[in-house]
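Notes to accompany the following structure.
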Amino acid sequence: MEIYNLRVNHLKNPLGYKMEKTVFSWKVRGSKGKQQVSAKIRVGYSKDLVNCPLVKDTGFDPTASSLAYPVVFPLKPYTRYYWDVTVKTDAGEELTSPIQWFETAKMEEHWSSKWITCDKSSTRSPYFEKDIKMENTVKKARLYICGLGLYEGYYNGHRIGDEYLTPYCNDYNEWVQYQTYDMTEMLKNDGKLTILLGDGWYKGRFGFEGAEELSRYGDEWKLLAELRIEYIDGKVEVIGTDESWQVQRSNVTFSNIYDGEHVDDTLPESDSEPVLLCEAPKAQITARISTPVTIHEKITPVELIQTPAGELVLDLGQEFSGIFKLRVKEPYGSRIHIQTGEVLQQGNFYNGNLRTAKSEYIYTSDGIEKEIIPHFTFFGYRYVKIQGISNLKKEDFTGLALYSEIPPVGEIVTGNDLVNKLISNVRWGMKGNFLDVPTDCPQRDERMGWTGDAQVFAATATYLSDTYAFYRKYLYDLAKEQSIREGKVPNVVPAFGMEGCSSVWGDAACIIPWNLYMFYGDKAILEEQFTSMKSWVDYIRKVDDEKDGWSSVFHYGDWLALDHPVGKDERMLGGTDEGFIADVYYAVSAGIVAKTAKILGFEEEAEFYKKISDNQFTKVKDSYFSKTGRCCFRTQTALLLTLKYHLSSDEEKIRETLIGLFNESRGKLQTGFVGTPIMCHVLSEQGLNDLAYHLLTNEEFPGWLYEVKLGATTIWERWNSLDENGNISSTGMNSLNHYSYGSIVEWIFRHSAGINIDEEPFRVSANRDILAIDDAVPGFRQVVFEPVLSRELGSVQASYNSAAGVYESAWSFSDENQVTVKVSVPFGCRAKLILPQIDRKLFNDKQNPMFSDVREGVCYLESGEYCVSYNVIDMASKYSIDSPLWSLLDNKEVREAIAGFVPIDKIPEQFTFLTLYQIGEKFAGVTSRKQLDSLDKLLNQY
Ligand code: BGC
């Protein structure tokens, strides 16, 4: 038995984080038992939790949930706490985990240091210095620091920590983060503490709202730092920023998030300048919440290309975000110019779609061989154009992927290489856009925390990675922005001056925390966000004001859908009424607030918001649906929403109309930001898995694999970002790394692999109780495995390291008819397994000793591994006379096969949405019933 993944507030051994409460979590594996019966947490000041006095000992607690166990004790500043957990299982085992720790930051302690700055007239980035002399042997040393715009710390020339772009991205008028570094090892010797400052989100152009872009928060570099040294004799010395520090000038002459960086190593060493005292930033300085942004993958170029235009371009083979290192050895004064791009055009370097972002690095050499690495910028790129290096070799360049800590938790490999590439692209899209803030894109002059994008991608992200701590910081930012806007959620968070607000986008305030609760089962996120969630719905109520105000203000709606009647390539709004979408999401968010209030024990509020949600749903039904259940919008997205939220009194009719719509578009999606993320889920709920798979595996425009076939390595912003020839379709708003449509991966986890949360608690077997320790099902304590087989995928192998432990699910065909399904359920969890395409009449627990509890063909499972092989039934062949003609014509072989029977060229294009059978009926004489029957047999073979 092993206890692993020990976390406090979902962080591993966190140093210097903002900490108001402590919620512990852990996972167990390798136990002989099936579940935990109790657990205890011990917390102390020393690693020796046995002999030293404890700060807290919970004693064995049968209610201690391994998902989230809040333990209350007073916290002191500057303090390292050690903890462990002891778990007892139902097999009589008892085990204590390895010791973990967390350390508080300054908490409410006063800063004895002063904010310092320097003369503003030089554009050379300053570095602030202080000589450090130790009075005695150091027992413990910490650096508490915040530098604005961005900072990097060095001690005796060695970088302090491995984080980039600190102190990270916030609305700096609302809160500013400081970080804490363990300096104990570094301070073995006397030395020089150096802090380099550059521009960044605080200072320098960022965002696209007019003139203030240049200095939204401030126009001076600012630094606050405290080096707190504890000597072995117990004495504490604090060396803080003040007038005694010195300023020097670095060779960084320009830096900006969008435009890159300029470094001139021929500049003369600067004279040391006195520091100036300055005002603190407007907002309170707060211990960090942001998780660290560090270098992850190191990417070596796959090719050095000499383009037709005569440029030297490196292809890194993968689009990502980050920086690079480049070995240079050029004569004194040489100018090296590096530019980044996402795609080649006609074989040449291209960066036209970055809009005004220069995204370049300009270096002037001092003739000394060295490796250059940018400090205060990042690039979203795959291609790099390099000028000024005489004998460029691809080995000289390494791409450095920068992103926040999002440990991978989900893996899926299918039998379809293109789908596998798609999943890889989604994962890279996530890495590229999880740089402190969930951004829309990492390359053009935007790179902002668009709420809608974050909302639609959150579930996929959480299947792929542990996102709790990352989103927690984003939600904290979001709540801060709302607090100065009476509940309004700006379209981007941090807002950077953007005051607009839209449904679906702002609903991130409710949907993301709810999603986190579902995945992690930790109520803390709901407690923290409840005010924000509520105030968003209250804001909508205010705008709506009984006069339908909410549906009449501007909303992005089904953004970038393909069905808007007007415009073509540059169209952005979709064909579904934005007011309708806004009204539906209002009801959805109010419903989430009601459920949250209930969970938190706020009964009155639960009732209040439930009523709002119910009334709003009724209003939607009354306003947009006929008495007979017809929806007044005939678009894929409108009908998908209708089915998802059960808005029509005649779902069968809506389902038929939706199928008809897909046939009219020859089985192609037309959906944008609203319809796409829900599309395949709704189709699966409606039993239309074949259509869902068809949409996923379709290789033509528009569709996911169309991009893959055109060489995409991340997810595009638009379905038509590139045309069939690889030409960029437009430059106004066109990124090749936007994760939103990557939301299909959630469906692949839930349906292809079939790893689904089940919201209704169930018994695993008659003699075993529903797990007592968690009062509800969130946090993946229980799942329903309901994999959906697909011949196009061939096989699926998935694992999901959920908050409760690792689930695995796999299926593969061993021959035409036989499928093998394997699943595993982690310790402390339970699952229902709904075996796909099995003859339920033949399947029972008697026949399959592996499954001890089978009810109506559904296997009820405790933790363990399960495997079963059987002959599938009802695997409908893909084609029949009930297939729409377009689908028959799309397959070359099928097309040829029917050509001998049906005069396909004579059937007008606009009738290809009809099935072969309907065509037979409509165009009497084209085929006879007998012919149709033999055609059906023929088609079944494909
Ligand atoms: C962004 C989006 C965003 C949208 C709002 C774009 O510029 O890149 O992804 O959601 O604007 O409509």
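Ligands are counted one by one from 1 in listed order, and the atoms in each one are counted from 1 as well.
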Inter- and intrachain pairs under salt bridge (charged side-chain N to carboxylate O under 4.0 Å, His left out), touching residues 529-542, at least two apart: Glu486-Lys542, Lys534-Glu605, Asp538-Arg541
Would you mind listing every salt bridge (charged side-chain N to carboxylate O under 4.0 Å, His left out) that reaches into residues 694-705, with sequence neighbours excluded? Lys668-Glu700, Glu699-Lys709
Can the ring centres of Trp719 and Trp559 be said to be less than 6.0 Å apart? no
Taking the side chain as every heavy atom from C-beta outward, state whether Met733 and Arg355 have any atom pair closer than 4.5 Å. yes
Go through the side-chain N and O atoms of Asn734 and Ser729 and say whether any donor and acceptor fall under 3.5 Å apart. yes
Under 4.0 Å from ligand 1 - residues by heavy atom, chain and number: Asp440, Arg444, Glu446, Trp450, Asp453, Trp505, Tyr556, Trp559, Phe673, Glu717, Met733, His738
If you look only at pairs with a residue in residues 453-478, which of them pass as a salt bridge (charged side-chain N to carboxylate O under 4.0 Å, His left out), with sequence neighbours excluded? Asp436-Lys473, Arg472-Glu528, Lys473-Asp477
